[in-house]
Amino acid sequence: VQLQASGGGLVQPGGSLRLSCAASGPTSDTYAIGWFRHFPGKEREGLACISSSDGTTYYSESVKGRFTISRNNARNTVFLQMNSLKREDTAVYYCATVLCRRTSYSNDYYFPDGGYWGQGTLVTVSS
């Protein structure tokens, strides 16, 4: 499975960006996909995820109401629409295969599933 993240760039505060995560390879369409971001010197933060089966979504509180995750199954691509961007949203954004559900062994929706990651795309929010 390969994931290709794209769509990052420079945007002014209050602006919007849409990130894409294109999945390819055998069984790639069976995985739930999550979006993460990484701030220098901090742990990676899970933002949102979407299941492969029925499109169920989950959002972290830090982005709920501003970010929307969606999936185009025909294109095997997951999107992260980011609105009302703030300077503190500046980070490298990654997509990865995750469980996107609670299990008997973890309440972490962003628990890795298969260990596949995209290469990251930089989002800079600045005037």
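Heavy atoms from other residues, nucleotides or ligands lying under 6.0 Å from CD of Gln119 number more than 12.
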Decide side chain to side chain contact (heavy atoms under 4.5 Å, CB included) for Leu85 and Leu17; before the verdict, give the C-alpha distance in whole Å, the side-chain angles of both, and the deciding distance to 0.1 Å.
CA-CA 8 Å; Leu85 284 164; Leu17 274 179; 4.2 Å; yes
For a side chain to side chain contact (heavy atoms under 4.5 Å, CB included) check, start with the C-alpha distance between Asp29 and Asn73, then their side-chain angles and the critical distance, and finish with the verdict.
CA-CA 7 Å; Asp29 59 346; Asn73 289 328; over 6 Å; no
Side chain to side chain contact (heavy atoms under 4.5 Å, CB included), that's the test. Do Phe79 and Thr68 meet it? Break it down for me.
CA-CA 8 Å; Phe79 303 99; Thr68 302; over 6 Å; no
Full working for side chain to side chain contact (heavy atoms under 4.5 Å, CB included) between Val123 and Leu19
CA-CA 9 Å; Val123 172; Leu19 305 183; 4.0 Å; yes
Stepwise side-chain hydrogen bond (donor to acceptor under 3.5 Å, both in side chains) test for Tyr58 and Ser51:
CA-CA 9 Å; Tyr58 176 82; Ser51 71; over 6 Å; no
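Across every non-hydrogen atom of Tyr110 and Ala48, the tightest pair is OH-N, 3.2 Å.
Within the model, atoms CG of Asp113 and OG1 of Thr30 stand 8.0 Å from one another, a figure rounded to the nearest 0.5 Å. Atoms CZ and CE, on Arg66 and Met82 in that order, are 9.0 Å from each other to the nearest 0.5 Å. In this structure, CG in Leu80 is found 6.0 Å from CH2 in Trp35, a value given to the nearest 0.5 Å. To the nearest 0.5 Å, the span separating CD on Gln81 from OG on Ser16 amounts to 5.5 Å. The SG atom of Cys95 sits 9.5 Å away from the CZ atom of Phe36 when rounded to the nearest 0.5 Å. Rounding to the nearest 0.5 Å gives a distance of 8.0 Å between OG1 of Thr56 and CD1 of Ile50.
A donor-acceptor pair is defined here as one N or O able to donate and one able to accept, closer than 3.5 Å; no such pair exists between the side chain of Tyr31 and the backbone of Val1. In this structure, the side chain of Tyr109 does not engage the main chain of Ser60 through any donor-acceptor pair within 3.5 Å. Formation of a donor-acceptor pair under 3.5 Å by the Thr121 side chain with backbone atoms of Gly8 is found in this model. In this structure, Ser84 contributes its side chain and Gly14 its backbone to no donor-acceptor pair below 3.5 Å.
Between the side chains of Asp108 and Ser106, no donor-acceptor pair is found at a separation under 3.5 Å. No side-chain donor-acceptor contact under 3.5 Å links Tyr116 and Ser28. With no hydrogens or angles considered, no side-chain donor-acceptor pair links Thr77 and Asn72 at under 3.5 Å.
By the rule that hydrophobic residues join a cluster once side-chain heavy atoms approach within less than 4.5 Å of another member, Val78 and Leu99 end up as members of separate clusters. Val63 is connected to Ile69 through a chain of hydrophobic side-chain contacts under 4.5 Å among Ile, Leu, Val, Met, Phe, Trp and Tyr, so both are in one cluster. Connection of Leu47 to Val11 is established within a shared hydrophobic cluster, with ILVMFWY side chains joined at heavy-atom distances below 4.5 Å, either directly or through further cluster members. By the criterion of side-chain heavy atoms lying less than 4.5 angstrom apart, applied directly or through intervening Ile, Leu, Val, Met, Phe, Trp or Tyr residues, Leu122 is grouped together with Trp117 in one hydrophobic cluster.
By the 4.5 Å heavy-atom criterion applied to side chains, Val98 and Pro112 are not counted as neighbours. Here the side chains of Cys49 and Arg101 are not in contact, with every heavy-atom distance at 4.5 Å or above.
Applying the salt bridge (charged side-chain N to carboxylate O under 4.0 Å, His left out) test to Lys64 and every residue at least two apart in sequence or in another chain returns Glu61. By the salt bridge (charged side-chain N to carboxylate O under 4.0 Å, His left out) test, Arg37 is found to be paired with Glu45, Asp89, residues two or more places apart in sequence or in another chain being considered.
Using cut-offs of 30° and 60° for the angle between ring planes, the Phe67 and Tyr93 rings count as tilted. Between Tyr94 and His38, the two ring planes are tilted [angle within 30° to 60°].
Legend: salt bridge (charged side-chain N to carboxylate O under 4.0 Å, His left out) pairs involving residues 73-88, not counting sequence neighbours: none detected.
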